[in-house]
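In what follows, every chain begins at residue 1, and chains take the letters A, B, ... in the order their sequences are listed.
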Protein chains: 2
Amino acid sequence: MDSALQPPPPKTRRRRKDARPAEIIDAGLAEFAEHGFAGTKLEDVARRAGIVKGTIYRYFDSKDALFEAALKARLTPLIDEVEQLVATFPGSSTELLRLAMRLAYGRMFQPDAQALMRIIISEGRRFPAITELYHRETVAKGRRMIAAIVARGVARGEFRAGAAADLPIVVMAPAIMAAVWKMTFEPFDPLDLEKFAAAHADLALDGILTRGVTAL
Amino acid sequence: MDSALQPPPPKTRRRRKDARPAEIIDAGLAEFAEHGFAGTKLEDVARRAGIVKGTIYRYFDSKDALFEAALKARLTPLIDEVEQLVATFPGSSTELLRLAMRLAYGRMFQPDAQALMRIIISEGRRFPAITELYHRETVAKGRRMIAAIVARGVARGEFRAGAAADLPIVVMAPAIMAAVWKMTFEPFDPLDLEKFAAAHADLALDGILTRGVTAL
DNA sequence: TCCACTAATGACTTAAAAGTCATTATAAAG
DNA sequence: CTTTATAATGACTTTTAAGTCATTAGTGGA
């Protein structure tokens with residue numbers, strides 16, 4: 001059932017200079033996500049990539065080098081155009097926020113994004129340069145995006161000002177918790193992403209929408 | 001400046017049969033939190049505990065055994081009485097929710113609790129039994145507590161029913177994100193806990209409170 | 001004060017995984 | 001078809017850290 005999917009590994013040697021690095025990186029990312037940096041064996045990475053350990057060293061100088069290369073290669077920066085979108089979006093801020101949340105959920109739960117996140121959380125402290133890069137290209141941009149959306153909503157009178165509007169990251173926070181939950185407790189206490197995203201939107205919107213009358 | 005705080009390690013051997021295990025566990029927990037399971041060297045644990053590697057084996061059979069013992073020893077279960085509290089609390093559900101949030105923030109950001117959390121997130125997949133224990137004693141109880149509070153609020157007409165009330169964990173989610181944030185991005189983008197907790201309460205409450213009139 | 005028990009030591013063995021390199025075999029060029 | 005360059009191999013060395021144990025020395029009891 002497993003071997004039926006992959007083409008059975010060719011018995012003959014193959015020289016594939018330009019396909020190798022990406023394959024090694026894929027294999028490495030998967031192993032690093034599963035076992036952490038220290039727990040990953042290059043022999044396992046090699047096996048997963050269908051090669052032999054020595055071959056890795058033709059393309060990467062060391063385990064460290066592979067680790068950095070893998071993360072850098074698979075780190076997809078948030079496109080800056082998202083900010084453009086916020087500036088030119090025609091609809092209501094509620095629609096815009098919902099759109100942003102859909103984008104966030106659609107993206108954060110991709111296997112690759114999850115692997116990256118897990119690695120950053122687990123190993124980030126030991127690789128500050130990479131954490132900083134990840135933060136700059138992903139986290140900070142996401143934060144700015146939410147801030148822009150909330151600011152727009154407040155400016156147009158659709159969202160109320162207040163503590164949440166001052167620290168807009170709190171609006172997206174549940175999505176991040178969901179990601180962490182999935183990578184940790186999913187086997188024991190699975191989380192229904194659809195329902196969760198709905199609950200998140202429900203909570204966030206009714207917390208941030210202006211209303212005619214405020215109770216209490 | 002470092003050596004001024006600790007009493008300088010005694011040059012003479014000391015026999016301290018009953019103090020050792022806890023000291024080794026403390027040292028181990030710190031090292032595991034910092035370097036992960038595979039990345040932790042028992043020699044470093046020993047140095048941190050002011051002993052020598054061999055001594056660890058007098059008290060623990062293996063690295064694995066120390067790891068499990070350390071986590072189990074420092075895992076403080078949420079007390080079941082919290083549910084009692086919910087049942088007998090005299091004030092409004094808003095007050096009760098705020099109280100629960102204060103408890104959660106007060107507890108989750110203790111160094112020990114943070115270390116535990118970081119280890120569970122990083123290593124949990126490889127130690128399912130411990131993850132399950134952590135989930136049962138901490139996560140599930142916390143979840144039940146929030147659910148009880150929200151249910152009470154809905155029953156008393158203070159909180160509105162809806163998606164968020166159906167999945168009450170979303171109400172606490174931002175606190176968990178804050179914990180993850182602190183353990184990962186604090187050096188690059190520090191998070192002001194006071195402000196964050198306020199923003200969280202602001203968002204959550206205004207999302208969950210019933211109101212006379214609902215806009216849009 | 002001395003003895004006996006055992007906590008603690010540190011030098012040791014073992015295991016495992018990182019990293020190296022001479023050899024082999026593939027593919028592309030002539 | 002042959003040659004040449006080099007990607008790939010796998011057996012190798014080195015390094016690192018887990019785990020062992022005979023020896024040493026604190027400590028509580030006689």
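Salt bridge present: A:R126 and A:E123 bring a charged side-chain N and a carboxylate O closer than 4.0 Å.
For the pair B:W181 (side chain) and A:A173 (backbone), a donor-acceptor distance under 3.5 Å is absent. At least one donor-acceptor pair closer than 3.5 Å links the side chain of A:E186 to the backbone N or O of A:L191.
Of the candidates C:dA7, D:dA8, C:dT20, the closest approach to any side-chain atom of B:R58 belongs to C:dA7. The side chain of B:R13 approaches D:dT24 more closely than any other nucleotide in the set C:dA18, D:dA18, D:dT24. Each of C:dT20, C:dT26, C:dT9 was ranked by its minimum atom distance to the side chain of A:T12; first place goes to C:dT26. With distances taken from any side-chain atom of B:T55 to the nucleotides C:dG19, C:dA8, D:dT27, the minimum falls on C:dA8.
Checked against the 6.0 Å centroid criterion, the rings of B:F37 and B:F127 qualify as a close aromatic pair.
When side chains are defined from C-beta on, A:P168 does not count as touching A:R143, because their heavy atoms never get closer than 4.5 Å.
A straight line from CZ of A:R16 to P of D:dT9 spans 11 Å, rounded to a whole angstrom. Atom CD1 in B:I51 sits about 16 Å away from atom P in D:dG26, given to the nearest Å. Summarising the geometry, the separation between NZ on B:K17 and C1' on D:dG28 is reported as 14 Å, rounded to the nearest angstrom. Distance, B:E31 CD to D:dA18 C1': 16 Å, rounded to whole Å. Here the P atom of nucleotide C:dA18 and the CZ atom of A:R47 are 12 Å apart, to the nearest Å. For the pair A:Y59 OH and C:dA18 P, the computed distance is 20 Å after rounding to whole Å. Distance, B:K41 NZ to C:dA17 C1': 14 Å, rounded to whole Å. Rounded to whole Å, atom P of D:dA25 lies 14 Å from atom CZ of B:R14.
If one axis is set at each end of the helix from C:dT1-D:dA30 to C:dG30-D:dC1 from five pairs, those axes are 10° apart, to 10°.
Across the interface with DNA chain D, nearest-nucleotide mapping of B:R15 and B:D64 shows B:D64 to be the residue nearer the 5′ end.
Between the base of C:dA18 and the side chain of A:K53 there is a donor-acceptor pair shorter than 3.5 Å.
Using a 4.0 Å cut-off, some side-chain N or O of B:R20 falls inside it from OP1 or OP2 of C:dA8.
Rounding to the nearest 0.5 Å gives a distance of 9.5 Å between OG1 of A:T76 and CD of A:Q110.
Checking A:E23, A:E34, A:E43 one by one against A:R48, the salt bridge (charged side-chain N to carboxylate O under 4.0 Å, His left out) holds for a single residue, A:E34.
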